[in-house]
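This report concerns only the one structure given below.
Protein chains get the first letters and strands the later ones, always in sequence-line order, with residue 1 at the start of each.
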Amino acid sequence: MTKPSSKFSQRVYELTRRVPKGRVTTYKLLAEALGSRAYRAVGQVMRCNPYAPAVPCHRVVASDGTLGGFHGSKSDQELARKTRLLHAEGVIVVNQHIKDFAQLVYTF
DNA sequence: GCGCTTATCGCAC
DNA sequence: GTGCGATAAGCGC
C-alpha cells in the first residue's frame, strides 16, 4: 500500500460505498464529486482499497464505460469475476464494456 | 480507431 | 523536488 487511508481516501471510499447495487460510477465522477480532478488519485486509492468488500471497486469504471482499469490484464480471472459480480447486480458487461453505461452511471 | 502527450492530485522517497 | 498510479481529454495519423 503506497497510499495510507488519508482524508482523500476516506472521501473516495465514502462515495464509492454510496454507489447502490446495480449501479456504476467513473473515476472522473468520483473526482468531480470530491471537487478535484484527481482521477488517478481516486484510482490509486482504489488500488490500495483496504475495504475490499465494503468498497466495491468493480463498480468504478473508466469514463467511457470500459473496465479498462482495475488490474488491467493482470488477471483475467479477477476481472471476469468482477464482471460476473456486476452481472449478478444487474449490470450487463460485454467485452469489458458496460452495456447501457450512460443510464447505469450513478451521479453523486 | 489507435497511440502518444499533457494535465492533474495525493503520497512515498 | 521527483516519480508513480486502476485516468481523462486532446491531437495527429
Side-chain angles (χ1 to χ4, degrees):
Chain A
M1 309 258 188
T2 54
K3 172 125 175 113
S5 309
S6 226
K7 283 188 177 178
F8 191 80
S9 328
Q10 255 184 77
R11 210 121 332 180
V12 175
Y13 299 135
E14 195 173 300
L15 285 173
T16 307
R17 267 173 40 187
R18 212 166 128 186
V19 180
K21 177 180 64 175
R23 216 43 93 98
V24 295
T25 191
T26 71
Y27 299 104
K28 183 182 170 186
L29 289 174
L30 276 167
E32 237 174 81
L34 293 172
S36 303
R37 296 188 187 81
Y39 319 114
R40 292 167 60 174
V42 176
Q44 192 169 76
V45 174
M46 287 301 171
R47 184 188 183 247
C48 297
N49 184 13
Y51 303 85
V55 183
C57 38
H58 57 266
R59 282 191 204 147
V60 187
V61 298
S63 62
D64 55 345
T66 12
L67 307 190
F70 298 132
H71 283 156
S73 311
K74 188 178 181 183
S75 44
D76 290 340
Q77 284 192 8
E78 292 292 304
L79 187 61
R81 183 166 125 168
K82 288 169 185 179
T83 302
R84 194 181 80 87
L85 185 54
L86 285 169
H87 265 252
E89 294 182 350
V91 181
I92 312 301
V93 181
V94 182
N95 190 29
Q96 292 180 24
H97 172 273
I98 296 188
K99 188 180 175 70
D100 298 317
F101 168 70
Q103 47 180 24
L104 283 174
V105 173
Y106 177 76
T107 337
F108 300 96

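A 6.0 Å sphere centred on CZ of R11(A) holds no more than 12 heavy atoms belonging to other residues, nucleotides or ligands.
Not a single donor-acceptor contact under 3.5 angstrom links the side-chain atoms of Y27(A) to the base of dA8(C).
Atom CD of E32(A) and atom P of dT7(C) are 17 Å apart (whole Å). One can place CG of L30(A) at 15 Å from C1' of dG10(B), the figure rounded to the nearest angstrom. Note: CG (N49(A)) to C1' (dC11(B)) measures 17 Å, nearest angstrom. For the pair H58(A) NE2 and dA6(C) C1', the computed distance is 14 Å after rounding to whole Å. Distance, L34(A) CG to dT8(B) C1': 14 Å, rounded to whole Å. Here the C1' atom of nucleotide dC9(B) and the CZ atom of R11(A) are 14 Å apart, to the nearest Å. The distance between atom NZ of K28(A) and atom P of dG10(C), rounded to the nearest whole Å, is 9 Å. Rounded to a whole Å, the NZ atom of K82(A) is 9 Å from the C1' atom of dA6(C).
Using modelled atom types, no side-chain atom of D100(A) and backbone atom of I92(A) make a donor-acceptor pair closer than 3.5 Å. Between the R18(A) side chain and the F108(A) main chain, no donor and acceptor come within less than 3.5 Å of each other.
Put simply, R37(A) has no side-chain N or O that comes within less than 4.0 Å of OP1 or OP2 on dT8(B). Taking only side-chain nitrogens and oxygens, K7(A) never comes nearer than 4.0 Å to OP1 or OP2 of dG10(B).
A 4.5 Å side-chain heavy-atom check between L29(A) and Y106(A) finds every atom pair outside the cut-off.
Listed candidates were dA6(C), dG10(B), dT8(B). Nearest to the side chain of Q44(A) is dG10(B). Closest contact between the side chain of F8(A) and the listed nucleotides dA9(C), dT7(C), dG10(B) involves dG10(B). Comparing dC9(B), dA8(C), dG5(C) against the side chain of S63(A) picks out dA8(C) as the nearest. Of the candidate nucleotides dA6(C), dA8(C), dC9(B), dA6(C) has the atom lying nearest to any side-chain atom of R47(A).
For the pair A33(A) and L15(A), the tightest heavy-atom approach, listed with the atom from each and the gap, is CB-CD1, 3.8 Å.
Residue whose closest nucleotide on DNA chain C sits further toward the 5' end, between D64(A) and V42(A): V42(A).
When both distances must be under 3.5 Å, the Watson-Crick or G-U wobble mate of dC4(B) is dG10(C).
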